[in-house]
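What follows is a single structure, written as structure tokens, with notes after it.
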Amino acid sequence: MKFVRIVEQFINRHHLIDRADTVIVGLSGGADSVALLTVLCNLNYNVVATHCNFHLRGEESMRDEAFCRKLCSDRNVRLLVRNFDVDSRRREAGESLEMACRALRYDWWRSLLKENVGSVIAVGHHREDNIETFFLNLFRGSSLTGLKGMLPRNELVVRPLLECKKSEILAYLRDHHLKYVTDSTNADNYYKRNRIRNRLMPLISDEFPGAIDSVAQTIGHLADNYGLYRDFCRKLHDRYVDADGVIDLSAILENESYPRMVLFEILSDYGFNMSQVENIISGFDGTNGETTFAGKTYHGRSSSYFLDRGKLVPLDDLNDGQNEVTVDLNCHPFETRRMTVAEFTVLKNARMLRPEAMYADSGIMLEAPEFIMRGWRTGDRMRPFGLKGSKLLSDLFSNAKLSLNEKKGVKVILRNSDIIWIPRVRCSALFPVTDKTEEVIEITYKPLRK
């Protein structure tokens, strides 16, 4: 039972699962998911298995489903099966095969959480999966964000096997006479991940014995580095950006050893790339704090700045509603924190909820969905909290008695394709805090200019 103890220690060390949790296990029938399900059962966690049948491999897909049904029946585990039409999803969303399957899978899991079928989702990613992800991101030219690999917990998704080797998983299954199925597409080297798994990693192991272990160790270091880096970047932001969003470019260039990276970390949240940052810095000549291109305007995806006496002054470039930017709710101008339902209730009863914040069920953050900020558009609709059905945003603005100038400055926040929040105006009814909520997310938005 050594393998089981190792997984248990990993779960406890990273606080992945509480004894009160009902764990939704993604069960494909492959070695990793079978090991995950059986280990969690052996540890006496309350589990519900889920199987996605995408019907992409003909009889093999049906074989996998039948295997999962028998496995769960033999172990007296509840199994939920969902059939998906992947082609329809791809036609509607214009997604790749992999992205369509992933979206369908996580949308289903998200709905199960909202229906209180479970409180956390467990997937069978292991050490080699993490290394493959590292190499994929490395070859794409990723930053530290991509090189840090997968994390043990990503909101409500947990990875109890993340530090386990594939060989350890297979040994556990063999020692306990546990069967599993094999996906034939894993041998198809058309997919980049398969080429890394089937060709690159064996070659590295042959040519550089022990290198794969070193790469795994490096990923762990990078994850720690990333946390430290993000904390430091937040402090730099507070040092050089004032309450109105004005960036002191002169001070950055005068005080920082790596001004390009400092400015990039500040501006990247607003849609600026490194090339644009270099163009801004190239205009600074260091003479009396002035710049060669004083008065010049620089445009990112979501914001624009003009250069004035060594400072970048923000201009609002989102008001026409056409420009949009993907945002990280953990980074400026947003801030996210978790609280218990009890803490939320105390604040609510004391009328101390922050007007610049949105409060939502933690399911809103499941598996890091895409959040987008843009200006509002004519015809935009939202299902507002406290009202029935969907409403035109223009009607909500009228009810809120917004002036014409105030309406021009309104931003909306979308979760994937749904408007979930109009800061300081209204929240949507999609992820409300209810008596079934187990954890509350507070999302604060501080605009560039007051």
Side-chain angles (χ1 to χ4, degrees), residues 24-30 32-33 50-58 60-61 64-65 80-114 121-126 128-143 145-151 153-159 162 183-198 271 301 324-329 363-374 413-420 430-431:
I24 298 173
V25 177
L27 181 65
S28 66
D32 310 328
S33 64
T50 60
H51 179 74
C52 301
N53 192 335
F54 297 112
H55 295 279
L56 297 174
R57 292 176 286 118
E60 191 173 289
S61 293
D64 293 354
E65 179 181 327
L80 303 176
V81 176
R82 185 76 174 267
N83 296 285
F84 292 101
D85 185 344
V86 181
D87 289 339
S88 293
R89 169 78 189 202
R90 294 184 68 187
R91 286 194 298 270
E92 293 172 2
E95 297 169 327
S96 67
L97 180 64
E98 294 84 357
M99 288 301 297
C101 291
R102 181 182 182 278
L104 289 168
R105 180 167 60 249
Y106 279 101
D107 283 348
W108 181 37
W109 286 344
R110 189 180 302 118
S111 70
L112 294 177
L113 289 176
K114 292 179 67 175
I121 296 167
V123 294
H125 293 138
H126 52 77
E128 279 79 1
D129 289 326
N130 211 11
I131 294 172
E132 291 163 13
T133 299
F134 167 82
F135 279 120
L136 281 171
N137 289 332
L138 177 67
F139 298 154
R140 291 168 181 158
S142 178
S143 65
T145 303
L147 298 181
K148 74 182 187 312
M150 295 182 283
L151 300 177
R153 172 185 284 274
N154 189 357
E155 298 304 332
L156 295 178
V157 175
V158 298
R159 301 180 174 93
L162 195 58
D183 185 340
S184 60
T185 62
N186 288 340
D188 186 351
N189 288 325
Y190 168 80
Y191 301 102
K192 291 181 180 179
R193 181 177 289 274
N194 287 356
R195 294 203 296 275
I196 291 173
R197 178 187 305 140
N198 300 330
R301 287 196 312 273
E324 58 182 43
V325 61
T326 299
V327 294
D328 183 345
L329 298 186
I364 196 173
M365 305 297 285
L366 175 62
E367 191 55 9
E370 184 179 36
F371 290 96
I372 295 171
M373 179 170 67
R374 63 167 171 80
I413 311 301
L414 292 82
R415 182 185 186 278
N416 297 329
S417 60
D418 297 315
I419 296 177
I420 58 166
L430 292 180
F431 293 90

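For clarity, every value in this text was computed on a predicted model and none was experimentally measured.
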Problem - Stepwise salt bridge (Lys or Arg N to Asp or Glu O under 4.0 Å) check, R89 with D107 - result: CA-CA 12 Å; R89 169 78 189 202; D107 283 348; 3.5 Å; yes

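- Legend: residues meeting salt bridge (charged side-chain N to carboxylate O under 4.0 Å, His left out) with D183, ordered by chain and number and at least two apart, are R57.
- The shortest distance between side-chain heavy atoms of H126 and L162 does not fall below 4.5 Å.
- A heavy-atom distance below 4.5 Å is found between the side chains of V157 and Y106.
- Legend: residues meeting salt bridge (charged side-chain N to carboxylate O under 4.0 Å, His left out) with R197, ordered by chain and number and at least two apart, are E132.
- Residues H51 and L27 come closest through the heavy atom pair ND1-O, 2.8 Å.
- In terms of heavy-atom proximity, D32 sits nearest to G124 at CB-O, 3.5 Å.
- For the salt bridge (charged side-chain N to carboxylate O under 4.0 Å, His left out) test, no residue two or more places apart in sequence or in another chain qualifies with R90.
- Two residues are said to be in side-chain contact when any heavy atoms from C-beta on lie closer than 4.5 Å; L113 and I121 meet this criterion.
- With contacts defined as side-chain heavy-atom distances shorter than 4.5 Å, the pair L97/Y191 qualifies.
- In this structure the side chain of H125 never reaches within 4.5 angstrom of the side chain of N130, judged on heavy atoms.
- Between M373 and V327, the closest heavy-atom pair is CB-CG1, 3.9 Å.
- Side chains of I413 and I419 form no contact here, defined as non-hydrogen atoms less than 4.5 Å apart.
- Using a 4.5 Å cut-off on side-chain heavy atoms (C-beta onward), R159 and M150 make contact.
- N194 and D188 share no side-chain donor-acceptor pair at under 3.5 Å.
- By the 6.0 Å and 45° rule, K148 does not stack over the aromatic ring of F134.
- For the residue pair L80 and W108, the shortest heavy atom distance occurs at O-CH2, 3.4 Å.
- N137 approaches G146 most closely through the heavy-atom pair ND2-O, 2.9 Å.
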